[in-house]
Amino acid sequence: MCGIVGILANKPVAIDLVDALRRLEYRGYDSAGVATLENGHLDRRRAEGKLRNLETRLHEQPLQGHVGIGHTRWATHGRPTERNAHPHMSAKVGVVHNGIIENYRELKAELSSRGHVFETDTDTEAVVHLVTDELDKGLEPIAATKAALAKLQGAFALGIIFAGHDDLMIAARKGSPLAIGYGTGEVYLGSDAIALAPFTDTITYLDEGDWAVMRRSGVEIYDEAGSRVDRPKIKSVASALLVDKGNHRHFMAKEIHEQPEVVSHTLANYLDMGSGTIAFPDLGIDLAKIPRVTISACGTAYYAGLVGKYWIERYARVPVEIDIASEFRYREAPLVDGGLAVFVSQSGETADTLATLRYCKAGGQRIASIVNVRTSSIARESHAVLPTLAGPEIGVASTKAFSCQLSALACLAIAIGRAKGTITPAKEAELVKALIEVPRLMSSMLHSEQQYEDLAQYLSKARDVLFLGRGINYPLALEGALKLKEISYIHAEGYAAGELKHGPIALIDENVPVIVVAPDDDLFEKTVSNMQEVAARGGQIILISDAPAEKCGCKLVAHIKVPKGHDFANPLLYAVPIQLIAYHTAVFMGTDVDQPRNLAKSVTVE
Ligand code: AGP
């Protein structure tokens, strides 16, 4: 994940910027840079690799400005070179950016046609030239930035400084978190409270869509519509912790909200955002020749793998065998020569999963693991590692790791399909575009959670809850049931919707909430029939869908609307509402959301 910092002070800020960036190193990066404003002019120093390289550059060529921005870059668009490192600049503006500007290619074409010269492969540079273009039209910095923000599409955070404006910095948040810090005659900007801890513990987190005009004397915050808003100033505890809850009540809430950012970084590890194509690492096996894929994992990671099965079989036309690791490791499953075995694990230390990996490795399979901890046992014993870039996941209930696992599996399916020729270049472009839109669509679901708080009160009275889904939504039903039961302690079961009439329907009465995961896809109508079977028996239906309520033809207790996305990307989008249902129900029940009873974050025993 990239890191953003900014300082408006009354002394040189370059070294403080680097110190703040050092506190964001946990996010991972491959280049860094700072820019300051001195005598009205912007100047910058950037370096590939670690911050010490930037410090060397600054020692050789110091910067003296009292206004500055800094950035640690995790390469998404363009290689991790000094040329692509932030801050990006024109003579008039300096910009640092975290996230994805989805429409940067269109913006780049339009701005280039108006004479703007692009020097890098980054999407960020489109922001530089867009703001510059508005300034060239005669707009003042605030109006120019407001006009530019209205043209940007994607999930991002920005920090901007302006030549000739020594007491001004503008910040904007749309999908990636940003915090503002308050000092004495100084103000600060950071991707989180951790970066600001050396300067202040009084901070404000910008809300989704907010942008802020920062001056030494104070900060004006505006919402997406341009109305002035007040956001609370809170006391941060980040100084003690290297990972904090931000402005969330629980780590789980913070991690649910981090998903747009961490999904975009995980996707960027497997996609070429510039060309809209897959850029998958070499697994050391010819994907065109694999006869079968085996997937094994536990819990939530297993459900991610189950979604992967649907993707790989549908788009790559390769048979997938999948099983929970605690069963796979003992049933002596026959393995086919030349097979690829994929292991999914957030911790990379789950004993059952590791044991199954060893079984498959001994059986001559090519081992690839999708892990969140690259130094873990499962990673070390794999032939190839496919990292999820979720960052540290503290909540025991897995959320952002799940959506990052899905991101890696979706890209694996495309990579195998391209290798096998079952996915054409046009289909590849379509599926990659569908994934690139996910962070923005995810963040649009994280603006308001009142409906989940209302639903939580209703669900808290339930003794049993059913989750239903068809096709690729079936694993989401299983995951939704697991999330709810593991943190609220309410018994919940996930079922394939078509299985209802083979027994579970006996459970249905007016005391049983039935949560239906049903995008308006090719199986929606069949799921509607199941909903009507439930309604006819008094079942209480909560629908999670992009479809309009009237398409269901039955009464709903609640209808959680999901933005319309490509069918391929739906599992990533539908993960958010099932997580929020579980979270708010547990909060209402008063359970220990981050550390539920009887559970451990990593199950390193059988
Ligand atoms: C999910 O919310 C749980 N934390 C649990 O099911 C978890 O996914 C499972 O134990 C697997 O852990 P891993 O991903 O670290 O292997």
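Counting starts at 1 for both ligands and their atoms, following the listed order.
Distances shorter than 4.0 angstrom occur between a heavy atom of K483 and an atom of ligand 1.
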Worksheet item: Taking it one step at a time, do R173 and E208 satisfy salt bridge (Lys or Arg N to Asp or Glu O under 4.0 Å)?
Response: CA-CA 6 Å; R173 182 218 163 147; E208 201 51 37; 3.3 Å; yes
Practice prompt. Evaluate the salt bridge (Lys or Arg N to Asp or Glu O under 4.0 Å) criterion for residues K254 and E258: first the C-alpha distance (whole Å), next the side-chain angles of each, then the deciding distance (0.1 Å), finally the verdict.
Written response: CA-CA 6 Å; K254 174 179 178 252; E258 281 180 333; 3.1 Å; yes
Discussion item. Please evaluate residues K361 and E381 with respect to the criterion salt bridge (Lys or Arg N to Asp or Glu O under 4.0 Å), reporting the C-alpha separation (whole Å), side-chain torsions for both, the decisive distance (0.1 Å), and the verdict.
Written reply: CA-CA 9 Å; K361 197 171 185 179; E381 298 194 27; 5.3 Å; no
Discussion item. Go through it in stages, so that I can follow the logic: the residues are T388 and K400, the test is side chain to side chain donor-acceptor pair (under 3.5 Å), and I'd like the CA-CA distance, side-chain angles, deciding distance and then a yes or no.
Written reply: CA-CA 9 Å; T388 51; K400 62 177 183 173; over 6 Å; no
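Every atom of ligand 1 with a heavy atom of S345 under 4.0 Å away is listed here by number and element: 13 (P), 14 (O), 15 (O), 16 (O). Atoms of ligand 1 found under 4.0 Å from any heavy atom of A397, numbered from 1 in the order shown, are 2 (O). The distance from ligand 1 to the heavy atoms of G299 drops below 4.0 Å at these ligand atoms: 6 (O). Each of the atoms 1 (C), 2 (O), 4 (N) of ligand 1 lies under 4.0 Å from some heavy atom of S398. Within ligand 1, the atoms closer than 4.0 Å to a non-hydrogen atom of A301 are 8 (O), 14 (O), numbered from 1 in the order shown.
Of the protein's non-hydrogen atoms, V396 O, 2.7 Å is the one closest to atom 4 (N) of ligand 1. Atom 9 (C) of ligand 1 has C298 O, 3.7 Å as its closest protein atom, hydrogens excluded (heavy atom only). The protein heavy atom nearest to atom 14 (O) of ligand 1 is Q346 N, 2.7 Å. Looking from atom 12 (O) of ligand 1 to the surrounding protein, the closest heavy atom is T350 OG1, 3.5 Å. Here the protein heavy atom with the shortest distance to atom 8 (O) of ligand 1 is T300 N, 3.2 Å. For atom 10 (O) of ligand 1, the closest non-hydrogen atom of the protein is V603 CG2, 4.1 Å.
The proximity of E486 to ligand 1, defined as any non-hydrogen pair under 4.0 Å, is limited to the side chain.
H559 contributes no side-chain N or O that, together with a main-chain N or O of L543, makes up a donor-acceptor pair within less than 3.5 Å. Remark: side-chain polar atoms of N372 are not paired, donor with acceptor, to backbone N or O of A401 under 3.5 angstrom.
Aromatic ring orientation, H584 versus Y452: parallel (interplanar angle below 30°, classes split at 30° and 60°).
Both the sub-6.0 Å distance and the 45° axial angle are not jointly satisfied by R317 relative to the ring of Y315.
For the residue pair S398 and E393, a side-chain donor N or O sits within less than 3.5 Å of a side-chain acceptor on the partner.
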